[in-house]
Structure formats: C-alpha cells, structure tokens
Asks: 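One structure is given below, represented as structure tokens, and several questions about it will come after.
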Amino acid sequence: MKEKENRELLSEYSLEEIAEVFVRIRRENYLIHMIPNGVSVSLCADGLAALGARPLMAVAPEEMTEIVSQADSCVINLGQLTKEKQEAAELALKQGAESGKPLVLDPVGCGASRFRMEAVQELLNMPWRGILKGNRSEIYSIQQGKLTKEGIDSIKERSLTRQIPQARVYLVTGETDDILWETGKTEISHREGIYRNLVGTGCLTGAVAGACYCAAAQIVEETQERSQAVQIETEAGKQGGAAEALKSMKLAAVATSLAMAYVLEQAGKAEGYGRAKNALLDALEQLSEKNFLEWLLWRQTCSDRIDTGLWQLL
Ligand SMILES: Nc1ncnc2c1ncn2[C@@H]1O[C@H](COP(=O)(O)OP(=O)(O)O)[C@@H](O)[C@H]1O
Ligand SMILES: Cc1ncsc1CCOP(=O)(O)O
C-alpha cells in the first residue's frame, strides 16, 4: 500500500514536469503578491525576482482586495503579526478564494503566542483552497491547538496527524519535508550537502511555493485540456475541478521542496553566512536552466543506488 502510494506520486509527475515549473515561472513572469514580514521581506522579493517572477509586497488592508485581484497568486506570511496584518490576511484570503487565486499561508511562529495561534485558527477556518506551509512545530501547534513556545523554529521531534482538510495541501519543512493531503503523504529528504540555518529560508520557501503554484496550475490545466480533447466525459472528469486543484497544489509543493533542497545544497557549499545567502539567490536563478533537471536526475540515480528513492517510501 505504501509502495503503491509512492509509485502513484512518481507516475503523477515526471522530473521534466517538475523542472518545467521553473521554466514557466521565468517565461510567464507571474506577479506574486506577498504579505511579508520585515525580517525576510528582501530575501523573499529578491528570491522571487531571481526565479523570474515579479514580487509585489503589500500590507495595507485598504488596498488588499485590489492588489490580490491583479496578482497571479498570493502568499500570506504571518511573521511579525499585528492586528492590522491579520485584517489584511483575512481580506487577502477572502478575495483570493473568491477569484480562485493560488493561495499560500505561512503561519510563522504560530505556537509562540496565544495571539498568533488564535489568528491562525481564524484564518484556517475561512473557506479557501491552497497550501499551508510551515515547519513541523507550527503544523503540530495547529493540529493540536497547543502553544509549543519554540520561537519561530522547530526544535523538538513532533508527530503530525493525517487529518488534513480536503481543500488543502500541507508543506511541512524540516530535514525531511512532508507533503500531506487528505488521502496521502510523501516525504522529500533534504539531507544531502551541508545545511546552514539561514534566517528567512522558511519564508522564502513560502514565496517560492506561491510562484510554483501559478506554474503548476497552468501545467495541470493544460494536461487536463489535452486529455479532455481525446476523452468522452467520465464521472472522474466531471469532478475534475477539485482533483485538478489538488494535483496543482501537490505539484507546487513537490517542486518547491526539491527546489529548496537544490538551493540550500548550493548555499551549504559557500563559505560564510553572507556568501551563503548570496549563493541561495544565485541558485534560485539556476532553477530554470538545465542544471536543475540534471541535478534532479543525478539525485534520483544516487537515491536508486542506495535504494531509498527520490520520494522516500512511507
Ligand atoms: N536540517 C535540515 N537539513 C536540510 N534542510 C533543512 C533542514 N531544516 C530545514 N531545512 C529546509 O530549510 C527550508 C526552511 O525550512 P525550515 O527551517 O523548516 O523553516 P522555518 O525557517 O520556517 O523554520 C526548507 O526548504 C527546509 O526543507
Ligand atoms: C526571525 C523572525 N521573527 C519574526 S518573523 C522572522 C523571520 C522568520 O524566518 P524563517 O523563515 O527563518 O522562519
């Protein structure tokens, strides 16, 4: 059963399709609106630009509906949360859901204070479809409704439940990233290379997910259109909306996780914290080039050799 789940995911997305996500971001120059935090705003804006996307960082509730309407996707990062930011996040999720935009929510440090936890729970109770990206501690806090008081980091080992709402995909980051959805789960290991904990890489992961989600939605839609052109309408086809949306979210999460594994590996080779941050941005720029597909193929070959698989069995 576990093996079947894993094979299904492998057959769902080829490495070429994953690499195509980044070629598309550069070609389409998606406008990614992010409600950022002051600590990582430059890294996220630079990171999106390095990918070939167009960042737009807006925070004022007064302009949120207009801004979300014109963006291709919206990433809501709750770091440095204030009441005003919470209001902006609610408006962004509402407008994003109404206009069917790809949405990513990053509940930064939601286990650190009651204020953050309550705000996150309210936002999660709203009806929107999208990706929830958090470290293991943040997702644990959300699932258990408990404060973990680990600051913004994930320090302790935490077990997560498999109860994921239907319209959401969770991208849980750490040494191994977990991608969870209502009926399944996969793991992507980041253990290769030397890892350096650079401030803002969690936020950057959310920003990258926002860009990947735009490309993934287009890729999935085009694949669906091609298959509909040769098929008569089936029951599965009629229910295509939710299934397609789930596929886009999963492809976006897988592409984000592997891209971050690649860029963090490049950053890990640089000497010194400052150089590592620049190496991270330079590596983001390479994702749309053939280096990244070659790295994916190389990684798969290595994984096959040590018999773990690119996507680890669950
Ligand atoms: N020990 C680790 N080894 C390799 N990569 C890691 C490790 N911990 C986190 N990462 C990666 O670093 C990025 C940021 O994740 P994380 O540090 O968990 O987020 P946050 O900054 O929100 O706590 C993600 O791409 C994640 O996969
Ligand atoms: C340090 C800090 N404090 C509030 S937001 C923030 C940045 C979060 O960075 P990361 O992406 O590494 O979790």
Side-chain angles (χ1 to χ4, degrees), residues 18 34-48 51 57 59 75-82 85-86 89 104-113 115-117 119-120 131-142 148-158 160 170-180 186-212 252-270 273 276-277 279-281 283-284 287 292 299 310-312:
I18 290 161
M34 182 166 189
I35 301 183
N37 70 64
V39 181
S40 60
V41 59
S42 306
L43 181 67
C44 293
D46 283 333
L48 285 169
L51 280 180
M57 308 331 219
V59 291
V75 179
I76 299 161
N77 178 299
L78 299 179
Q80 295 186 305
L81 191 64
T82 61
K85 188 169 183 178
Q86 185 183 350
V104 178
L105 182 70
D106 183 349
V108 181
C110 64
S113 74
F115 168 59
R116 284 184 196 225
M117 174 54 71
V120 168
I131 298 175
L132 178 69
K133 189 245 41 116
N135 64 33
R136 194 163 281 273
S137 169
E138 289 156 354
I139 303 297
Y140 174 86
S141 281
I142 287 168
T148 48
K149 306 247 168 129
E150 291 178 285
I152 54 150
D153 298 311
S154 185
I155 311 281
K156 295 193 188 142
E157 274 298 307
R158 307 277 186 191
L160 302 180
Y170 288 7
L171 169 53
V172 188
T173 59
E175 183 176 332
T176 293
D177 286 353
D178 284 355
I179 296 166
L180 313 173
T186 194
E187 292 176 11
I188 295 177
S189 167
H190 278 212
R191 271 170 293 195
E192 317 245 344
I194 309 142
Y195 172 68
R196 199 196 307 256
N197 190 10
L198 302 169
V199 170
T201 47
C203 304
L204 179 63
T205 308
V208 171
C212 288
V254 166
T256 302
S257 176
L258 287 165
M260 289 306 296
Y262 173 78
V263 300
L264 288 166
E265 197 177 307
Q266 307 311 312
K269 291 177 196 159
Y273 192 96
K277 266 205 153 165
L280 195 71
L281 293 173
L284 284 166
L287 290 169
F292 180 53
R299 193 182 142 109
L310 176 56
W311 285 264
Q312 304 216 326

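Counting starts at 1 for both ligands and their atoms, in listed order.
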Asks: Where the closest heavy atom to atom 25 (O) of ligand 1 is concerned, which of Met260, Glu138, Arg136 has it?
Replies: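 Minimum heavy-atom distance to atom 25 (O) of ligand 1 goes to Met260.
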Asks: Over all heavy atoms of both residues, which pair between Ile131 and Ala252 is shortest? Give the atoms and the distance, please.
Replies: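 That closest heavy-atom pairing would be CD1-CB, 3.9 Å.
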Asks: Quick test of your reading of the structure: of Gly79, Gly202, Ala267, whose heavy atom lies closest to atom 14 (C) of ligand 1?
Replies: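 Checking each option, the heavy atom nearest atom 14 (C) of ligand 1 is found in Gly202.
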Asks: With a cut-off of 4.0 Å, which atoms of ligand 1 are near a heavy atom of Thr173?
Replies: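 The atoms of ligand 1 under 4.0 Å from a heavy atom of Thr173 are 15 (O), 16 (P), 18 (O), 19 (O), 24 (C), 26 (C).
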Asks: Between ligand 2 and the protein, find all N/O pairs closer than 3.5 Å and give the distance for each.
Replies:
{"residue": "ligand 2", "atom": "9 (O)", "partner": "Gly200", "partner atom": "N", "Å": "3.4"}
{"residue": "ligand 2", "atom": "11 (O)", "partner": "Gly202", "partner atom": "N", "Å": "3.0"}
{"residue": "ligand 2", "atom": "11 (O)", "partner": "Cys203", "partner atom": "N", "Å": "2.7"}
{"residue": "ligand 2", "atom": "12 (O)", "partner": "Gly200", "partner atom": "N", "Å": "2.8"}

Asks: Looking only at non-hydrogen atoms, find the nearest pair between Arg116 and Gln80 and report the distance.
Replies: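 For Arg116 versus Gln80, the nearest heavy atoms are NH2-N, 3.9 Å.
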Asks: I'd like to check which ligand 1 atoms, numbered from 1 as shown, lie under 4.0 Å from a non-hydrogen atom of Thr201.
Replies: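 Matching atoms, with element in brackets: 14 (C).
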Asks: Using salt bridge (charged side-chain N to carboxylate O under 4.0 Å, His left out), reason through Glu265 and Arg299 one step at a time and then give a plain yes or no.
Replies: CA-CA 12 Å; Glu265 197 177 307; Arg299 193 182 142 109; 5.3 Å; no
Asks: What residues form a salt bridge (charged side-chain N to carboxylate O under 4.0 Å, His left out) with Asp178, not counting sequence neighbours?
Replies: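 Asp178: salt bridge (charged side-chain N to carboxylate O under 4.0 Å, His left out) contacts with Arg136, Lys185.
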Asks: Looking only at the side chains, is there a donor atom on one of Thr205 and Thr173 sitting less than 3.5 Å from an acceptor on the other?
Replies: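 Short answer, no.
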Asks: Roughly how far, to the nearest 0.5 Å, is CG of Asp106 from CD1 of Ile35?
Replies: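 It is 12.0 Å, given to the nearest 0.5 Å.
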Asks: Would you mind running through ligand 1 and noting each atom that sits below 4.0 Å from a heavy atom of Leu264?
Replies: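 Listed by number with element, the hits are 11 (C), 12 (O), 13 (C), 25 (O).
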Asks: What atoms of ligand 1 come within less than 4.0 Å of a heavy atom belonging to Thr205?
Replies: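 The list of qualifying atoms is 13 (C), 14 (C), 24 (C), 25 (O).
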Asks: Check each of Leu48, Leu204, Asp46 against Leu284 using the side chain to side chain contact (heavy atoms under 4.5 Å, CB included) test, and report the only one that passes.
Replies: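 Only one of Leu48, Leu204, Asp46 forms a side chain to side chain contact (heavy atoms under 4.5 Å, CB included) with Leu284, namely Leu204.
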Asks: Do you know which two heavy atoms are closest between Ala209 and Thr256, and how far apart they sit?
Replies: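 Ala209 and Thr256 have their closest heavy atoms at CA-OG1, 3.2 Å.
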Asks: Taking all non-hydrogen atoms of both residues, which atom of Ala259 and which atom of Leu287 are closest, and how far apart?
Replies: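 Closest pair (atom of Ala259, atom of Leu287, distance): CB-CD1, 3.7 Å.
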Asks: List ligand 1 atoms under 4.0 Å from Asn135, heavy atoms only on the residue side.
Replies: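 Heavy-atom distances to Asn135 below 4.0 Å select 18 (O), 20 (P), 22 (O), 23 (O).
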Asks: Under 4.0 Å from a heavy atom of Asp177: which atoms of ligand 1 are those, numbered in the order shown and with their elements?
Replies: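 Near Asp177, the atoms of ligand 1 are 26 (C), 27 (O).
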Asks: Would you call Gly174 a ligand 1 contact, heavy-atom distance under 4.0 Å?
Replies: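 Contact check Gly174 vs ligand 1: positive.
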Asks: Of all heavy-atom pairs between Lys277 and Leu43, which one has the smallest distance, and what is that distance?
Replies: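 Between these two residues, the closest heavy atoms are CE-CD2, 4.3 Å.
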Asks: Show me which atoms of ligand 1 lie under 4.0 Å from any heavy atom of Glu175.
Replies: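 Under 4.0 Å from Glu175, ligand 1 has these atoms: 1 (N), 2 (C), 3 (N), 7 (C), 8 (N).
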Asks: Would you say Lys85's side chain and Pro36's backbone share a donor-acceptor pair under 3.5 angstrom?
Replies: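 Checking the backbone N and O of Pro36 against the side chain of Lys85, a donor-acceptor pair under 3.5 Å is found.
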